[in-house]
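Contents: one structure, followed by commentary.
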Amino acid sequence: MKTRKGYKTYPLTVAQKFHFYYLNYCPKKEVVNIGTSLTIEYELNIDVLRQAIYQAYERCESMRLRFAYDKKEEQWYQYVVDKEEREIEYVDFSGKTMEEAEAVMTEWTQVPFEREDAPLNRLVIIKTPDGNQGVYLLADHLTLDAQSLICFLKDIIEIYCSIMYEGVEYPKEMRSYIEQLEKDLAYEAGSKAQQRDREFFYKLIEQSEPIYNGIDGPEALLEERKKNPKARSAKFISKNVDSALDIFHLEEEPTARLMKFCEEQHISLQCLLIMGIRTYLQKMNGNDDVSINVAYARRATLAEKKSGGTRIHSFPFRTIISEDMTFLDGIHVIRDGQNEIFRHTNFDPVEYRAYRSKVFPIEPGTSYEPMSLTYQPMTQKDQGLNKLGDIKYKTKWYPNGATTQAMYLTVMHRPEDNGLDFNFEHQVDAISREKLEYFYYYMCKIMFKGIEKPYLSIGDIIKLI
């Protein structure tokens, strides 16, 4: 397939194929839906907001993506249309409660898209019961991730402000999705960079076999060892893909303490979060060897940051940190390991897993990683929306109701105070809210005890909490 409806077509990227990989096995196709709202404590001009949305569509190629299926080749292609001329709906939730309004938007989030030759996002102008106005955005994960979503919403607001208010500059241009896509496809077509990344990951995999550490202890691994005494992987996912989204809020002041420690020690908050998670798993399972899945946004350059689309690659991240090592030394092990992986994250995560399964054949449906982590450092506050002065705004994420993973933790900053939200999407049959509360409580205790006494050994910290 070279063209579709007069538009040039392109193969899917590795990041897009990764979503298709689990989508094919999931009975609920809304598993790739992302739903969010951004509302402002201000009376907006609806006509101008609609105008700003259309301009944002014109400026962002990836929000005009379409997919097409080639029956002969039995594969999907993508192309970008020139314009989005769909009507932008307006829904006024005045007279309803916030819970009722959020229930409606959750329903919207749980409707899968028609994938072929159809728009893969939906934008609704909303007025919420608290009097705020703004937009609800639903998009297919194959076309967008959290960073590109935030970038697109920011663009809408900045365009609106430039139209409405004197002295507010029109935002700088977005970058081309197609140009970035062509770079990604060139990498994937057997480039030297791809070969270097392959050699790095293959060597990493071949070192030794990881071991599974359960969220609530070693029970799942012990169960697997009844069949195979040497098993190091375990089954933790449910056949039922129904999910819930439980959110825990960390206040502004303790969040600021974590951020200050990271700044002083020249590490990212992602490293500190990994340290909290892996130390909790170490405490619960008695293993120094701990692995979790970590998502990497792959947006180092300005072109990558502003070209939209979906760029997340997720890889297992393994650390072997003994209990007699200090908390700070443990974090440095994580930082060095993360820095190594960052240099190779363009590699195909599906190929990574296929090769690991070849080197260490494991039972189908089992894994070494009990959960996945995404840290989203990009906040609306950091991205220039402080130009709105003291006007307050809110963001809200809505669950799509399905996940193929037992637990997926996304950590994000709240726009109103820059505190942290810990968003746990989890299979309802695999993990209860009570287990999540326990996990969250001890993960935070570990992080705060560690930043308070970074030269304590990890074993002492485990005893103290």
Side-chain angles (χ1 to χ4, degrees), residues 193-194 196-213 232-233 258-259 261-300 311-353 355-356 359-360 367-377 407-411 443 446-447 450-451 454-459 461-462:
Q194 184 194 43
R196 283 195 301 271
D197 296 341
R198 179 177 289 116
E199 287 167 7
F200 166 79
F201 278 119
Y202 279 22
K203 193 174 176 183
L204 193 66
I205 289 166
E206 289 162 4
Q207 286 175 0
S208 62
E209 186 177 10
I211 189 166
Y212 177 86
N213 293 273
R232 292 175 69 87
S233 64
L258 296 179
M259 300 301 286
F261 175 82
C262 292
E263 191 178 330
E264 288 170 351
Q265 298 299 330
H266 307 290
I267 60 160
S268 68
L269 183 60
Q270 178 158 303
C271 291
L272 184 55
L273 291 166
I274 292 170
M275 187 64 179
I277 292 166
R278 69 145 326 274
T279 305
Y280 169 82
L281 294 172
Q282 186 173 18
K283 161 187 156 64
M284 295 300 290
N285 294 268
N287 287 326
D288 294 342
D289 186 346
V290 178
S291 297
I292 63 170
N293 286 312
V294 177
Y296 301 94
R298 299 168 58 243
R299 292 191 189 274
R311 297 194 57 76
I312 291 174
H313 282 184
S314 179
F315 293 98
F317 181 64
R318 181 186 184 189
T319 49
I320 302 173
I321 301 173
S322 67
E323 287 193 16
D324 57 9
M325 190 177 280
T326 68
F327 185 86
L328 189 58
D329 285 343
I331 282 190
H332 289 157
V333 168
I334 290 169
R335 179 197 62 194
D336 294 346
Q338 286 283 285
N339 286 343
E340 267 199 318
I341 285 180
F342 282 142
R343 290 194 287 272
H344 303 280
T345 53
N346 285 331
F347 191 62
D348 182 352
V350 177
E351 184 181 336
Y352 173 102
R353 286 166 173 81
Y355 185 69
R356 190 172 70 171
V359 175
F360 305 112
S367 175
Y368 302 109
E369 295 82 30
M371 61 170 289
S372 294
L373 168 70
T374 296
Y375 168 55
Q376 175 52 263
M407 185 168 101
Y408 196 140
L409 169 60
T410 303
V411 182
M443 176 182 63
I446 289 163
M447 289 194 296
I451 67 169
Y455 297 103
L456 266 185
S457 75
I458 290 162
I461 286 172
I462 287 173

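Just so you know, residue 1 is the first one in the sequence shown, and it goes up from there.
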Next on the checklist: In terms of relative ring orientation, are Phe347 and Phe201 parallel, tilted or perpendicular, with 30° and 60° separating the classes?
Outcome noted: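 The rings of Phe347 and Phe201 lie parallel, inter-plane angle below 30°.
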Find out whether [X] and [Y] are in side-chain contact, i.e. whether some heavy atom of one side chain is under 4.5 Å from a heavy atom of the other.
X      : Y      : value
Phe200 : Glu340 : yes
Met325 : Asp288 : no
Leu204 : Phe315 : no
Leu272 : Gln265 : no
Ile334 : Ile321 : yes
Asn346 : Gln194 : no

Next on the checklist: Taking Glu369 first and then Arg356, would you say they form a salt bridge - that is, a charged N and a carboxylate O separated by under 4.0 Å?
Outcome noted: yes
Checklist outcome for this item: Rounded to the nearest 0.5 Å, the CD1 atom of Ile312 sits from the OH atom of Tyr296 at a distance of 12.5 Å
Does [X] use its side chain to pair, donor to acceptor, with the backbone of [Y] at less than 3.5 Å?
X      : Y      : result
Asn287 : Asp289 : no
Arg278 : Ile292 : no
Arg311 : Arg298 : yes

Item to check | Sole candidate of Ile331, Ile446, Val333 that passes side-chain contact (heavy atoms from CB on, under 4.5 Å) when paired with Met275 | outcome: Ile331
Checklist entry - Side-chain donor-acceptor pair under 3.5 Å between Arg232 and Ser208, yes or no? => result no
Next on the checklist: Is the distance from the ring center of Tyr202 to that of Tyr355 below 6.0 Å?
Outcome noted: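 Under 6.0 Å, so yes.
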